[in-house]
Every structure is written in structure tokens, then in C-alpha cells.
Amino acid sequence: MGPDVLVPISFFVMVLGIVLGVPLVRAHIKRQETRASLPPSDPRAEERLARIESAVESIAIEVERISEGQRFVTKLMAERHGPPVIAPARQEPAP
């Protein structure tokens, strides 16, 4: 193999290395940055978050119950105070 063949082969190997290597290096760097930015997990913090999540869910259930009760009372009040009934007019005896 002379320099006439070695130069084009070297060029294509270099281009192939760049095309495949750059995305791999970027993915590796991104993965390293992601791992570095995450704080180590604390079991006490996870327990607290679980309790907070449970409390929020129970509050959501209670708020839904309150809103259902409010809708029910509003419906009862609307039925009780339905359209106003007009009393019949009194007829006065003619003199």
C-alpha cells in the first residue's frame, strides 16, 4: 500500500471516528453531569415526602367531600326556594 491509498483510507477512518465518537462523548458527558447534579438520597427525606404525599391525598379527598356536600345543599336550597308562587288576588265584593 502506497501513500496514494493510505491517505483516502485514513481520511475515511477519521471521518467515521468523528461521526460516531462525537455523539458518544456528548452522551457520556451529559450522563456524568446528570449524576453529579443529583443529591444523594436520604431515607429520612423519602419518608417525609411519602408522609406529605399521603397527607395531600387525604386533603384532596376531604375537599372533594366538602364540595359534594356544598352541591347537595345548594340543590336542596334551590328546590326549597323554587320559583315564587304568586298568591291569588283578593276579589273585593262589589258595593
Side-chain angles (χ1 to χ4, degrees):
M1 274 206 253
D4 295 342
V5 176
L6 192 59
V7 171
I9 289 175
S10 304
F11 174 74
F12 286 114
V13 168
M14 182 181 65
V15 169
L16 182 66
I18 291 172
V19 167
L20 295 178
V22 169
L24 291 174
V25 169
R26 283 184 181 173
H28 179 69
I29 290 172
K30 189 174 183 179
R31 188 176 336 134
Q32 293 297 332
E33 288 175 352
T34 303
R35 285 183 185 170
S37 66
L38 293 176
S41 63
D42 181 16
R44 292 183 303 156
E46 290 179 13
E47 290 174 15
R48 289 178 66 191
L49 287 174
R51 287 192 308 245
I52 290 171
E53 182 179 331
S54 174
V56 167
E57 287 176 1
S58 64
I59 290 171
I61 291 170
E62 292 300 321
V63 167
E64 182 61 29
R65 287 181 184 167
I66 291 170
S67 64
E68 286 177 10
Q70 184 178 7
R71 284 191 294 267
F72 178 73
V73 169
T74 303
K75 180 181 171 185
L76 286 179
M77 296 289 283
E79 289 174 356
R80 187 170 129 191
H81 294 294
V85 178
I86 300 174
R90 291 189 289 171
Q91 295 182 351
E92 304 256 341

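Only this structure's heavy atoms are used, side chains among them; waters, hydrogens and symmetry mates stay out.
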- [ ] Working to the nearest 0.5 Å, report the span between CG of L20 and CG of L24.
- [x] 7.0 Å

TODO: Look up atom CD in E33 and atom NE2 in H28, then write down how far apart they are to the nearest 0.5 Å.
DONE: 10.5 Å

Task: Connected hydrophobic set around I29, excluding itself, where side chains approach under 4.5 Å - done: V25

TODO: Quick one: name the residues clustered hydrophobically with F12, using the 4.5 Å side-chain heavy-atom rule over I, L, V, M, F, W, Y, and just say none if it's on its own.
DONE: F11, M14, V15, I18, V19, V22

Task: With R44 via side chain to side chain donor-acceptor pair (under 3.5 Å) - residues at least two apart - done: none

Task: Sequence-distant partners of Q32, side chain to side chain donor-acceptor pair (under 3.5 Å), two or more places apart - done: none

- [ ] Could you tell me whether a side-chain N or O of T34 sits under 3.5 Å from a main-chain N or O of K30, the two making a donor and an acceptor?
- [x] yes

- [ ] Just jot down the salt bridge (Lys or Arg N to Asp or Glu O under 4.0 Å) partners of E62, sequence neighbours excluded, or say none.
- [x] R65

Task: Qualifying residues under side chain to side chain contact (heavy atoms under 4.5 Å, CB included), relative to E46, sequence neighbours excluded - done: S41

TODO: Verify salt bridge (Lys or Arg N to Asp or Glu O under 4.0 Å) between E68 and K75, making sure each step is shown before the conclusion.
DONE: CA-CA 11 Å; E68 286 177 10; K75 180 181 171 185; over 6 Å; no

Task: Crowding at CD, E64 (>12 non-hydrogen neighbours, <6.0 Å) - done: yes

- [ ] Walk me through it: do M77 and V73 pass the test side chain to side chain contact (heavy atoms under 4.5 Å, CB included)?
- [x] CA-CA 6 Å; M77 296 289 283; V73 169; 4.1 Å; yes

